[in-house]
Amino acid sequence: MPELPEVETVTRQLSAVIADKIVQKVTVFKSKSWVGEVVKVEGQQIKEVSRRSKIIRLRFADNLNILIHLKMSGQLIFVDGQTRVGGGHPTADWTNHLPSKHTRVMFKFTDGTQLFFNDQRIFGWMKVMNDEEVAQEFALLAPDANSSEITLPYFAEKIAKRNVPIKQLIMDNQVIAGVGNIYACDALNLARISPLRPAASLSPVEQKKLLESIQTVIALGIQKGGATVHGKYVHVTGMSGHYQEVLRVYGRKGEPCPNCGAPIQKIKLAGRGTFFCPNCQV
DNA sequence: TTAACTGTTGATAC
DNA sequence: AGTATCAACAGTTA
């Protein structure tokens, strides 16, 4: 999916265009993509759009919310017929032909604007929840990677006694929330730490360097509007992000390491494609 | 053609 | 508990 920076970008853009709008009609094309009763949200006004980890929250009045997880291939595309967010025009023609065959849920607002939830792989979801259910869902998560709650003592304690490879741990939402495969690979390269290292083997200096590196790449990802890698993740306008232009190692097998110039290697770790520099990431 | 790959994360089994 | 594997799905790439 979209990892924290991508979801943060979508959340900010969405907030700018759909806050205060009133849902007129929700059309569910794929029942698996929607959990809850459509009638609960029809006629309701969106009060706030926010994000926790990789989950987007649409908050309505009266104890009503929709949580959205984009998983691997979800997109939220806002269309108002003429102008689009940021005044830009979507690069892809498909934004002019919505709903598409990948549109799973469609919102129509009372002012005639529309929001499309497209999700090729159908892993993503939208769930209608009350405030308590939202709180329960969020309580399962560690603090967000870009939150001040992730302190060095917290991080060090979380990874101290674990034998799993460090990359696996920094992608664990119960350890630090929002870091996925792309930013995990890049953070480890920036910290010059091998993804294979058992978490407990990191020295205090390495723990500090890794946490700072995670915070750095996540912040850069947000600043760049997220990474559009295989045309999957896009902004609510259909436009691409820019982090893919500054990727350190992710997807760059054979290319020179930004630290030392040695060729980047790709391995499989815990079932996930993992890019790193075997020369300087030790 | 077939197999393996893909940005997530849950359920399951040891 | 901590860890490893697989499944959910559809499409692309080797």
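Note on naming: letters A, B, ... go to the chains in the order of the sequence lines (proteins, then strands), and numbering restarts at 1 for each one. Only a predicted model underlies this, so the values are computations on that prediction, with no experimental measurement involved.
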hbond_proxy A/Arg272 side chain to B/dT6 base (donor-acceptor, 3.5 Å cutoff): no
Backbone N/O of A/Val7 and side chain of A/Arg51: donor-acceptor pair under 3.5 Å: no
Whether A/Asp186 side chain and A/Arg248 backbone form a donor-acceptor pair below 3.5 Å: yes
Residue-phosphate contact under 4.0 Å: A/Lys54 side-chain N/O, B/dT9 OP1/OP2: yes
A/Lys253 NZ to C/dT13 P, straight-line distance once rounded to whole Å: 16 Å
A/Asp172/A/Lys167 salt bridge by N-O under 4.0 Å criterion: no
A/Gln120 and A/His102 side chains, donor-acceptor separation under 3.5 Å: no
Nearest listed nucleotide, side chain of A/Tyr250, among B/dT8, C/dC9, B/dG7: B/dG7
Donor-acceptor side-chain pairing of A/Asn65 and A/Arg59 below 3.5 angstrom: no
DNA chain C: 5'-proximal contact among A/Phe123 and A/Lys232 (nearest heavy atom): A/Phe123
Side-chain N or O of A/Lys268 closer than 4.0 Å to phosphate OP1/OP2 of B/dC5: yes
Sugar-phosphate only, base, or nothing, as touched by A/Ala227 at under 4.0 Å among non-hydrogen atoms: base
5' priority, DNA chain B, between A/Val229 and A/Leu141 [closest heavy atom]: A/Val229
G-U wobble or Watson-Crick pairing nucleotide for B/dA4 (cut-off 3.5 Å, both distances): C/dT12
Rounded distance in Å - CG (A/Asn163) to P (C/dG2): 11 Å
Sugar-phosphate, base or nothing in reach of A/Val164, heavy atoms under 4.0 Å: sugar-phosphate
For atom CG of A/Leu70 and atom P of B/dT9, their distance in whole Å: 11 Å
Touch class at under 4.0 angstrom, heavy-atom based, for A/Asn173 against every strand present: sugar-phosphate
OP1 or OP2 of B/dT6 under 4.0 Å from side-chain N/O of A/Lys266: yes
Distance, P atom - from C/dT3 to B/dG7, rounded to whole angstrom: 22 Å
Complement of C/dG2, any strand, by Watson-Crick or G-U distances under 3.5 angstrom: B/dC14
Rounded distance in Å - NZ (A/Lys30) to C1' (C/dC9): 9 Å
Touch class at under 4.0 angstrom, heavy-atom based, for A/Gly124 against every strand present: nothing
Side-chain N or O of A/His69 closer than 4.0 Å to phosphate OP1/OP2 of B/dG10: no
Spacing of A/Leu269 atom CG relative to C/dT5 atom P, expressed in whole Å: 11 Å
Residue met sooner reading DNA chain C from 5', once A/Lys161 and A/Lys32 are mapped to nucleotides: A/Lys161
Upstream residue (5' side of DNA chain B) when A/Arg121 and A/Trp125 are each assigned their closest nucleotide: A/Arg121
Length of the line joining A/His102:NE2 and C/dT12:C1', which is rounded to integer Å: 12 Å
Inter-nucleotide P distance (B/dA4, C/dC6), Å rounded: 12 Å
Distance-only donor-acceptor test, A/His230 side-chain atoms vs C/dG11 base atoms, 3.5 Å: no
Side chains of A/Pro198 and A/Pro165 in contact at under 4.5 Å (non-hydrogen atoms): no
Nucleotide C/dA1, atom P - distance to CZ of A/Arg162 in whole Å: 12 Å
Modelled atom types, side-chain donor and acceptor of A/Gln75 and A/Asp119, under 3.5 Å: no
Nucleotide of B/dT9, B/dG7, C/dG11 approaching A/Gln120 most closely (side-chain heavy atoms): C/dG11
A/Met72 CE - B/dT9 P separation (whole Å): 10 Å
P-based separation of B/dT12 from C/dC9 [nearest Å]: 16 Å
